[in-house]
There are 2 protein chains.
Amino acid sequence: MYQIYNMGTKESIINIADDLIRGQGFNAFSFKDISNTIGIKTASIHYHFPTKSDLGVAILKKHIEQFEALKLSVASKSPMVKLERFLSIYSKMKSEGKICLIGSLISDLNTIDENIKTELGVLTKKLLAWITEILEEGKRKAIFHFKVAPRAKALMILTNIVAIVQLSRLTNDDDFTIVKNTIIKELKP
Amino acid sequence: MYQIYNMGTKESIINIADDLIRGQGFNAFSFKDISNTIGIKTASIHYHFPTKSDLGVAILKKHIEQFEALKLSVASKSPMVKLERFLSIYSKMKSEGKICLIGSLISDLNTIDENIKTELGVLTKKLLAWITEILEEGKRKAIFHFKVAPRAKALMILTNIVAIVQLSRLTNDDDFTIVKNTIIKELKP
DNA sequence: GTCTATATATAGATAGAC
DNA sequence: GTCTATCTATATATAGAC
C-alpha cells in the first residue's frame, strides 16, 4: 500500500536487468550496465536492491506474477489457444533476440544465490504444471493426441522451446519456427 | 608431431576448465579455479593459453574431436544403438551433476569471443547433422517412425536432451530419465 | 532517492626472474 | 614451464553528503 508513487526507477531497474539477464546471462551483466542504460549511478541501484541477488529475486517474482496473469487471461480458451499463446511468448522473445529467464538462469544454477534458485524452481514448476494441465484438457477433449503421460509430454514441449530459442541463434533462425510448428504437428492425429 | 611428451599440464587445464564450464558456466569460472584444482599459478596457465578465449576454443576442439571419434566408433552399429549411445553420454553427464558444453555456452552466446562462437557452431551443426543421419537411416530401415522431416525430428531430440539435463536439476532428477525414455518411445510405432 | 567517494575483492593478463 | 610481482580493469557493496 505504500510507495504507490515514484515506482518508476525500481521498475525500470527490474525491466532492464531482466533484459540483460536474458541477453547476457546473470553472471555477465553488471550494475554498471543498468547504470549506463537508465542513467543512474550504481550506488543508487543498491538503494532499491541491496544485493544483485535481491534484484534477481525481484525479476523472478515479476515473471511469476506475469505468468499467473497470462494463465488467468486464457483460462476460458481452448487448449490449442492456450498452447499457442504459450508458444507465442517464445516467438516474441526470439524476434527480440532474447532467451527465456528459465533458460538463462538454469545454466548458471550452481552459481546463483539460494533465494534465486528457489524462485526459479517455483516459476519452472508452475509453468510445467500449466502445460501439463493444457495437455490433459486437450487430450480429454480429443484435440491433442499423444501416447505418453501428460507431464512427460509437457517436459518434452518445455525443453523443446526453451532450448530452441537459444540453439536456433547458432544453427539457423528458421529452426525456431520448425520446432514450434513440429510441437503443434505432433499433437495432431 | 611436436610436444608429444609433457602434455600433461596443458591437457589437465583443458579437462578441468571443461568441467568448470559445464558446472559453473563460462563467465563464472576463473583461472584461479583452475589454479586451485591443479596446483599451478594462474600466470602459468597463460603460458599454455594466452587468453581465456584461447582456452575456450581448445575445449571446443577437444569436444569436436571426441565427437568425431564417437561417431566413427559406432558407424557400423544400428540406428537404435547409435541413438542410445548418444543419449548415454547425457546420462553419464547427468549422473556427474554436469551439463553439456553446448547447453552451457549457448546461453552465454552474446558474451563469448567470436572464435569460441565459431567452434561452438561447428560442434552443434556436426551433432545435429549426425542425429539427422541416424534418424534417416532408422526411418529407411523401418526402425524409427516419425512424421516430420528427419532434421526437424533431430532438432526436437537435441533440444529435449540438452535442456532436460539442466532443467531436471530443478524439477526432479527423474525427469531426465522420463525424457530420455520418451524420446525412444516416440520413435516406435 | 541520488549523489560522490571509497572499500574490498577478484578478474584477465603481462614482465621478467629462475 | 613455472614462479613472483604487478598492472589494469571491473565487480559488488557501503558510508555519508545533499
Side-chain angles (χ1 to χ4, degrees), chain A residues 1-21 23-60 104-105 108 110-117, chain B residues 1-21 23-60 104-105 108 110-117:
Chain A
M1 284 305 158
Y2 307 101
Q3 287 292 113
I4 294 180
Y5 310 104
N6 259 19
M7 289 280 280
T9 304
K10 190 164 191 172
E11 284 176 356
S12 293
I13 293 168
I14 289 176
N15 290 331
I16 288 160
D18 186 12
D19 275 2
L20 287 166
I21 290 176
Q24 332 237 65
F26 188 79
N27 291 315
F29 99 92
S30 73
F31 277 38
K32 190 84 191 92
D33 295 326
I34 302 173
S35 171
N36 292 338
T37 310
I38 205 177
I40 190 178
K41 297 296 171 183
T42 60
S44 307
I45 301 170
H46 284 281
Y47 167 80
H48 298 282
F49 303 99
T51 71
K52 194 180 180 183
S53 291
D54 291 329
L55 176 53
V57 169
I59 292 166
L60 275 159
S104 176
L105 291 173
D108 294 329
N110 292 333
T111 71
I112 57 177
D113 185 272
E114 206 59 36
N115 293 324
I116 299 182
K117 204 168 161 176
Chain B
M1 283 307 159
Y2 308 101
Q3 287 293 115
I4 296 181
Y5 311 104
N6 258 19
M7 289 281 279
T9 304
K10 190 163 189 171
E11 284 176 355
S12 293
I13 293 168
I14 290 176
N15 289 331
I16 288 160
D18 186 12
D19 274 3
L20 287 166
I21 290 176
Q24 331 237 67
F26 188 80
N27 291 315
F29 100 92
S30 72
F31 278 37
K32 190 84 190 96
D33 295 326
I34 302 173
S35 170
N36 292 339
T37 308
I38 205 178
I40 192 178
K41 296 295 170 183
T42 61
S44 307
I45 301 171
H46 283 280
Y47 167 80
H48 298 282
F49 303 99
T51 69
K52 194 180 180 183
S53 292
D54 291 329
L55 176 52
V57 169
I59 292 166
L60 275 159
S104 176
L105 291 174
D108 293 329
N110 291 334
T111 71
I112 58 178
D113 186 272
E114 207 59 35
N115 294 324
I116 299 182
K117 204 168 160 176

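Here is the naming used below: chain letters follow the sequence lines, and residue numbers restart at 1 for every chain. Both backbone and side-chain heavy atoms feed into the values below; hydrogens, waters and symmetry mates do not. All values reported here derive from a predicted model rather than from experimental measurement.
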Query raised in the report: Think A/Lys41 forms a cation-pi with A/Phe31, using NZ or CZ under 6.0 Å from the six-ring centre and within 45 degrees of its axis?
Result: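 Not flagged: A/Lys41 not positioned over aromatic ring of A/Phe31.
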Please state how far atom [atom1] in [X] lies from atom [atom2] in [N], giving the value in whole angstrom units.
{"X": "A/Ile34", "N": "D/dT10", "atom1": "CD1", "atom2": "P", "answer": "17 Å"}
{"X": "A/Glu11", "N": "C/dG1", "atom1": "CD", "atom2": "P", "answer": "13 Å"}
{"X": "B/Lys41", "N": "C/dC18", "atom1": "NZ", "atom2": "P", "answer": "18 Å"}
{"X": "A/Ile45", "N": "D/dA13", "atom1": "CD1", "atom2": "P", "answer": "11 Å"}
{"X": "B/Ile13", "N": "D/dG1", "atom1": "CD1", "atom2": "P", "answer": "11 Å"}

Query raised in the report: What closest approach, in Å, do A/Ser104 and A/Gly25 show between heavy atoms, and which atom pair accounts for it?
Result: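 Minimum heavy-atom contact is OG-CA, 3.8 Å.
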pair [X]-[Y]: side-chain heavy atoms closer than 4.5 Å:
{"X": "A/Leu55", "Y": "A/Phe29", "answer": "yes"}
{"X": "B/Asn27", "Y": "A/Gln24", "answer": "no"}
{"X": "A/Phe26", "Y": "A/Thr111", "answer": "no"}
{"X": "A/Leu60", "Y": "A/Leu105", "answer": "yes"}

Query raised in the report: So, is A/Thr9 near the phosphate of C/dG1, with a side-chain N or O under 4.0 Å from OP1 or OP2?
Result: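 False: A/Thr9 side-chain N/O out of range (4.0 Å or more) of C/dG1 OP1/OP2.
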Requested in this report: Give a yes/no answer on whether the side chain of A/Tyr47 brings an N or O atom under 4.0 Å of OP1 or OP2 in C/dG1.
Outcome: yes
Set out, line by line, the N/O atom pairs under 3.5 Å between protein and nucleotides 12-17 of chain C.
from	atom 1	to	atom 2	distance (Å)
C/dG12	OP1	B/Lys52	NZ	3.1
C/dG12	OP2	B/Phe31	N	3.0
C/dA13	OP2	B/Lys52	N	2.7
C/dA13	N7	B/His46	NE2	3.3

Query raised in the report: Looking only at atom types and distance, does a side-chain atom of B/Asp18 sit under 3.5 Å from a main-chain N or O of B/Ile14, one as donor and one as acceptor?
Result: no
Query raised in the report: Judged by atom type as modelled, is there a donor-acceptor pair below 3.5 Å linking the side chain of A/Asp33 to the main-chain atoms of A/Ser30?
Result: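 Flag set: sc A/Asp33 to bb A/Ser30 pair under 3.5 Å.
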Query raised in the report: End-to-end bend of the helix from C/dG1-D/dC18 to C/dC18-D/dG1 (five-pair axes, 10° rounding)?
Result: 0°
**Report entry** Under 3.5 Å side-chain donor-acceptor pair for A/Ser12 and A/Asn15
**Finding:** no
Query raised in the report: Taking for each residue the nucleotide of DNA chain D bearing the nearest heavy atom, is the 5' side occupied by A/Ala28 or by B/Ile40?
Result: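 Residue closer to the 5' terminus by nearest nucleotide: B/Ile40.
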